[in-house]
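Here the structure is laid out as structure tokens; the discussion comes afterwards.
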Protein chains: 2
Amino acid sequence: MPHLLLKDLPRYECLLEAAAEFPDLDPSAAEAFLHLLHTGDEVFGVSDRSLAGHNISHGRFGVLMLLWRSRQPRAAKLLGADECVPGPRTPAELADAAGVTRATMTGLIDTLERDGYVKREPDPVDRRQMSVLLTPRGEKFLMEFLPGHFKAIAAIMAPLTENERKTLVRLLGKVQQQAAILNPRRESASVG
Amino acid sequence: MPHLLLKDLPRYECLLEAAAEFPDLDPSAAEAFLHLLHTGDEVFGVSDRSLAGHNISHGRFGVLMLLWRSRQPRAAKLLGADECVPGPRTPAELADAAGVTRATMTGLIDTLERDGYVKREPDPVDRRQMSVLLTPRGEKFLMEFLPGHFKAIAAIMAPLTENERKTLVRLLGKVQQQAAILNPRRESASVG
DNA sequence: GGCTGAAAGTTAGCCGCCTAACGAATTTTG
DNA sequence: CAAAATTCGTTAGGCGGCTAACTTTCAGCC
């Protein structure tokens, strides 16, 4: 689960000293980098714990949310979908929306189907394709789980004022954009 | 690798509408939450790519850094160690410092030893324990890899001014602290 | 209308994370 | 000093990432 394999972060003075030995080390950059990964991990952990209590993983939860978007027009907005697009249904579409490989999506759907949350159905037109559908049980799970999940998210961000949240999002956006540039995208999917 | 199974984040207006349906959903909290996980993933991806180019994973890299701390007093500061403590040497100490289980550490050391980066040695005093040591090859790897790694970190944070970095670290710190409170720690290791 | 190429989904195998349980060695306790 | 509890490292099995290769099916092109 953890991105950062380090429980305790170094103090800033330590980074300053290390920078004397490694001229490439930018202390404030390294500090921000470490805090970002560390906080992300911690926040992820809270969310993960809330999911684990319901016997579901983050990956599976993401798939359920994407499928929910397909069934509920209201839910689509939550996930940023345009009203007109029907939302992902096939494993390939789900994999693309989730940012994982099709092979990984196969595994996620396998376990979701085994647990009765989703159902595979062959496409009558294109016999290569499958349609993945949320079962009533899957939908029931989301309805029961989401309120608590939203509460947990609100609790995490409670120490920040509205202004601080805006600032955080703005700064994270800058970093994210830069990281996206540095990250050579496989398909270079520049948003059209 | 990814924490957040969602390639495109929802727009803020979508969160606002969703909040009308789910009273527990705090739009600004959810926005900050999603951005935090997403940016963390993206930044992690950059770092991971730089590691993958050297055929090493984040987990293994973390272990090498911890072992390096044990050998180089200078390096210890980089990782936040007190001057007096010798740094982790046994698998159990490494697992604790890294925040993973001993079982996971066994696997990491296995592959590191197979690749010749570290060496296991039996403890002459306590025959249950092993000492894990960085080999010259492992140290050579770090010396060759670290400058580029530091450069990559600096590049990610380049868009932020010094002030913005301080602000980011401050806000992340608040979130991290809150998340740590919400995360029931196994051993409740309140720093003494 | 039958090759060729592309796409969908799956499979196989690797890695790293987890929990649970184990044998060996040490420490604590009666 | 012997029994119990703890600690060490490891193993086994599950999950969820990945890449690479495969089968089936569709689409395009002579």
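Values below: every heavy atom of this structure, side chains too, minus hydrogens, waters and symmetry copies. Keep in mind that this is a model prediction, so the values were computed, not measured. We name chains A, B, ... by the order of the sequence lines, and we start the count at 1 in each one.
- Every residue two or more places apart in sequence or in another chain that forms a salt bridge (charged side-chain N to carboxylate O under 4.0 Å, His left out) with A:Arg165 is listed here: A:Glu162, B:Asp26.
- Atom CD of B:Glu93 and atom C1' of D:dG9 are 13 Å apart (whole Å).
- Between A:Met105 atom CE and C:dT11 atom P the separation is 16 Å, expressed in whole Å.
- Side-chain proximity of A:Gln129 to D:dC8, C:dT10, C:dA8: nearest is C:dA8.
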Every protein N/O lying under 3.5 Å from an N/O of nucleotides 21-26 of chain D:
{"unit_1": "D:dC26", "atom_1": "OP1", "unit_2": "A:Arg127", "atom_2": "N", "d": "2.9"}

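- In this structure the side chain of A:Ser50 reaches within 4.5 angstrom of the side chain of A:Phe145, judged on heavy atoms.
- A:Glu42 places no side-chain N or O within 3.5 Å of a backbone atom of B:Gln177 that could act as its donor or acceptor partner.
- In this structure, the CG atom of B:Asp110 is 14 Å from the C1' atom of D:dA12, given to the nearest Å.
- Using a 4.5 Å heavy-atom threshold, the side chains of A:Tyr12 and B:Val169 count as separate.
- Under a 3.5 Å cut-off, the side chain of A:Arg49 and the backbone N or O of B:Leu182 do not form any donor-acceptor pair.
- Rounded to an integer number of Å, the gap from CG of B:Asn55 to P of C:dC15 is 11 Å.
- Within the structure, every side-chain polar atom (N or O) of B:Thr106 is placed at least 4.0 Å from both OP1 and OP2 of D:dG9.
- Judged by distance alone, with hydrogens and angles left aside, the side-chain atoms of B:Glu113 form no donor-acceptor pair with the main-chain N or O of B:Ile109 at under 3.5 Å.
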Detail all sub-3.5 Å separations between protein N/O atoms and N/O atoms belonging to nucleotides 13-16 of chain D.
{"unit_1": "D:dC15", "atom_1": "OP1", "unit_2": "A:Arg114", "atom_2": "NH1", "d": "3.1"}
{"unit_1": "D:dG16", "atom_1": "OP1", "unit_2": "A:Ser57", "atom_2": "OG", "d": "2.7"}
{"unit_1": "D:dG16", "atom_1": "OP1", "unit_2": "A:Arg60", "atom_2": "NH1", "d": "2.8"}
{"unit_1": "D:dG16", "atom_1": "OP1", "unit_2": "A:Arg60", "atom_2": "NH2", "d": "3.4"}
{"unit_1": "D:dG16", "atom_1": "OP2", "unit_2": "A:Arg60", "atom_2": "NH1", "d": "2.9"}

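- At whole-Å resolution of the value, CG in A:Asp48 and C1' in C:dT19 are 14 Å apart.
- Atom CG in B:Asp96 sits roughly 15 Å away from atom C1' in D:dG9 (whole-Å rounding).
- Ring orientation note: the planes of B:Phe44 and B:His58 are tilted relative to one another, at an angle of 30° to 60°.
- The nearest whole Å value for the distance from the CZ atom in B:Arg49 to the P atom in D:dC18 is 11 Å.
- Distance A:Arg120 CZ to C:dA8 P: 15 Å, rounded to the nearest Å.
- Side-chain atoms of A:Thr39 do not come within 3.5 Å of backbone N or O of A:Leu36 as any donor-acceptor pair.
- In terms of modelled atom types and a separation under 3.5 Å, the side chain of A:Glu121 and the main chain of A:Leu133 share no donor-acceptor contact.
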